[in-house]
Amino acid sequence: QVQLVESGGGLVQAGGSLRLSCAASGRIFSGFAMGWFRQAPGKHREIVAATRWDGSITYYSDSVKGRFTISRDNAKNTVNLLMNSLKPEDTAIYYCAASGGWEKFSTADGWAYWGRGTQVTVSS
């Protein structure tokens, strides 16, 4: 099993920045793909960013490309999401996710392990 705990959410004004962190424990972390998803009220959970276990592939959704940066530290078992130039439409619960594979990384059902989520609210 892999346990994931997110931190760093909060309330920020539009144009501001937040840094989310995810601490992983349990099974080997370094061999897992790691990702961030978000879910706004009434909407499906969508992928925001993801990185393969070795960092060789990094993905960003079009809505966050150029504003968000995902990074991982396998030695510390952490993955971070730096969010800049935040917009009100970025408001959602953000979830950290882990998977032993990469084949279905773009959808929520492709990820085996989830954190409980952290709320991000961007005011206009």
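Sequential numbering from 1 along the given sequence is applied to the chain's residues.
Taking the six-membered ring for Trp and thresholds of 30 and 60 degrees, W111 and W102 have ring planes more than 60 degrees apart, a perpendicular arrangement.
With hydrogens and angles ignored, the 3.5 Å screen pairs no side-chain donor or acceptor of E46 with any backbone N or O of R38. Between the side chain of R72 and the main chain of R52, a donor-acceptor pair closer than 3.5 Å is present. With hydrogens and angles ignored, the 3.5 Å screen pairs a side-chain donor or acceptor of R67 with a backbone N or O of S85. S21 contributes no side-chain N or O that, together with a main-chain N or O of G8, makes up a donor-acceptor pair within less than 3.5 Å.
The side chain to side chain contact (heavy atoms under 4.5 Å, CB included) test with L20 singles out one residue from I70, V120, V79, N80, and that residue is V120.
Between C96 atom SG and Q3 atom CD the span is 12.0 Å, to the nearest 0.5 Å.
Under the 4.5 Å side-chain criterion, counting only non-hydrogen atoms from C-beta, V64 is not in contact with M83. No side-chain heavy atom of S61 sits under 4.5 Å from any side-chain heavy atom of F68.
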Side chain to side chain contact (heavy atoms under 4.5 Å, CB included) between Q39 and Y95, intermediate numbers included: CA-CA 8 Å; Q39 189 166 16; Y95 297 90; 4.1 Å; yes

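Relative to the ring axis of W114, R45 places its NZ or CZ within 45° and under 6.0 Å from the centre.
When hydrophobic clusters are built by joining Ile, Leu, Val, Met, Phe, Trp and Tyr residues whose side-chain heavy atoms come closer than 4.5 Å, directly or via intermediates, L11 is not grouped with V122.
Electrostatic pairing of D62 and K65 counts as a salt bridge here, judged by a charged N lying under 4.0 Å from a carboxylate O.
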